[in-house]
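Chain A is the first sequence line, chain B the second, and so forth, proteins listed ahead of strands; every chain is numbered from 1.
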2 protein chains.
Amino acid sequence: MEKKKYERKTLQTQNDIKEALIFLMEEKNFNTITIRDITNCARINRGTFYLHYLDKYDLLEKCEQEILEHLDERYNEILTPNLKQFLISDTPHPFIVDIFTYFQENAPFLKAVLGPNGDPSFEEKVRRLIIKKMFRNVSNFTNIENLNMPIEMIAHFIVSALIGVVRYWLNTNMQQTPKEIASMLFQIMNKGTLEAMGIKKYILEHNISEEI
Amino acid sequence: MEKKKYERKTLQTQNDIKEALIFLMEEKNFNTITIRDITNCARINRGTFYLHYLDKYDLLEKCEQEILEHLDERYNEILTPNLKQFLISDTPHPFIVDIFTYFQENAPFLKAVLGPNGDPSFEEKVRRLIIKKMFRNVSNFTNIENLNMPIEMIAHFIVSALIGVVRYWLNTNMQQTPKEIASMLFQIMNKGTLEAMGIKKYILEHNISEEI
DNA sequence: TAGAAAATCAACACGATGTTAAATTTTAAA
DNA sequence: TTTAAAATTTAACATCGTGTTGATTTTCTA
């Protein structure tokens, strides 16, 4: 109680700072953003910034940590779902739908931090988190030893593709619902890319010669 | 002739500077690297740096541009290959093999610039370049209008997955040959991820119940 | 409304930046 | 080997962002 006396004001200031950072990151590179830029944008004194954060990297990391912790908490209870839906339909795994939903809720920050002026170490942290969640039980459903490539490689393939689709989706202003985009993602993953592009079908129908 | 009199020395200095940048980027964040760090590492005077580059961002961009131009030139003559090999075998597209080969040749720089301390705008440029090359003729092999998702989305899926596999490969010190890793990538793309992970087969063999 | 917490303000030392002019070293051609 | 041009070095400079400090003002809430 006594420690949280004035926390409303503090939180307001910290929120102003974070919003200023997100606003600035949408148009200029994080490297070129100065503390003064941030405090001007947040309409606070430059000294105030240092009452809350060590430096701009500390600020960025705390913004990122917030996202990562929410993502982590949000999916700790999700159990391994019905596997059949992977195989017989395009119904996406609810874990993936929730990822898109959460990314949609935090679109401005994530668009900035995953964008060309963003922070590649954040993307790596997201990759690691998702791989941890998605692949924790994978050995229950396949013999890893029998595969002719490392399972980690497939994991990186999937997670990079997932984040790539997220980035595409954010950059095209989220024309699809989270469920729709997750369903599209699942179609590509399950059918393979050639089938998803309709190339297999087209070649059969048009009887394309072997050499072109 | 008269203009290239002393270019050997100039090129040597510029090369020293670039090598110093790559060396430093392997261990510390680009943002935290100073001009003095670079010139100390390259054993040249700090002022000399400014005879060659505007600032460290100019240096980074010129290093990146070199890679991108080589990538671009290298594949301008590659024709659309036999499409059947996409469908009936795991023989990877020579374009993809060449990407891995070129990335292997420039592993130290690419590992650094695609890594967590790297430059996300470079990855975007690589994505754009590869999409341009890979998808220039795609409408010859499928009816884009009939797809139930945007072809650009599939393009971003594929290219992000490709770069994800490249990153995995670089970070695990390239245990596979370019042809091997490209072949693995193609297996995942063509079979789909579930089949590549052996999950379809496992579930059929073990008769796993619908709910778990 | 009084007291405590938070934010502001002004001033400071510090270090990296980018520029300059003069001196020095390196290079390649005569 | 000499020599003139080119490249680099050196030292000095103003500028800017950083992070800190102590005194002051504003804001909140009890």
- Using only side-chain N and O atoms of T13(A), determine if any of them is under 4.0 Å from OP1 or OP2 of dA7(C). yes

- Item | Under 4.0 angstrom between T34(A) side-chain N/O and dG17(D) OP1 or OP2 | no

Gap between atoms [atom1] and [atom2], on [X] and [N] respectively (whole Å):
X	N	atom1	atom2	result
R36(B)	dT19(C)	CZ	P	16 Å
I35(B)	dT8(D)	CD1	C1'	17 Å
Q12(A)	dT27(D)	CD	P	13 Å
I17(B)	dT8(D)	CD1	P	8 Å
I38(A)	dG17(D)	CD1	C1'	12 Å

- Nucleic acid contacts of residues 39-63 of chain B, taken as heavy-atom distances under 4.0 Å to DNA chain C: R46(B), Y50(B), D55(B)

- Item | Strand-adjacent residues in residues 22-33 of chain A, judged by heavy atoms under 4.0 Å from DNA chain C | none

- Task: Could you name each residue pair satisfying salt bridge (charged side-chain N to carboxylate O under 4.0 Å, His left out) that touches residues 41-61 of chain A, not counting sequence neighbours?
- Result: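 Salt bridge (charged side-chain N to carboxylate O under 4.0 Å, His left out) check on residues 41-61 of chain A returns D58(A)-K62(A).
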
- Item | C41(A): side chain to side chain contact (heavy atoms under 4.5 Å, CB included) partners, not counting sequence neighbours | A20(A), F23(A), L24(A)

- Task: Check side chain to side chain contact (heavy atoms under 4.5 Å, CB included) between E19(A) and all other residues, then give those that pass, not counting sequence neighbours.
- Result: N15(A)

Review item, side-chain donor-acceptor pairs of residues 152-169 of chain A, under 3.5 Å, at least two apart:
from: S160(A); atom 1: OG; to: H156(A); atom 2: O; distance (Å): 2.8
from: R167(A); atom 1: NH1; to: L114(A); atom 2: O; distance (Å): 2.8
from: R167(A); atom 1: NH1; to: E123(A); atom 2: OE1; distance (Å): 3.2
from: W169(A); atom 1: NE1; to: Q176(A); atom 2: O; distance (Å): 3.0

- For Q187(A) and N148(B), does a side-chain donor sit closer than 3.5 Å to a side-chain acceptor?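 Side chains of Q187(A) and N148(B): pair found under 3.5 Å.
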
- Message: Looking only at the side chains, is there a donor atom on one of N29(B) and T32(B) sitting less than 3.5 Å from an acceptor on the other?
- Response: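 Not at all, the side chains of N29(B) and T32(B) share no donor-acceptor pair under 3.5 Å.
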
- Euclidean distance, M189(A) CE relative to L194(B) CG, rounded to 0.5 Å: 6.5 Å

- Item | Plane angle bin for F49(A) and Y53(A) - parallel if under 30°, tilted between 30 and 60°, otherwise perpendicular |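 Aromatic pair Y53(A)/F49(A) classed tilted.
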
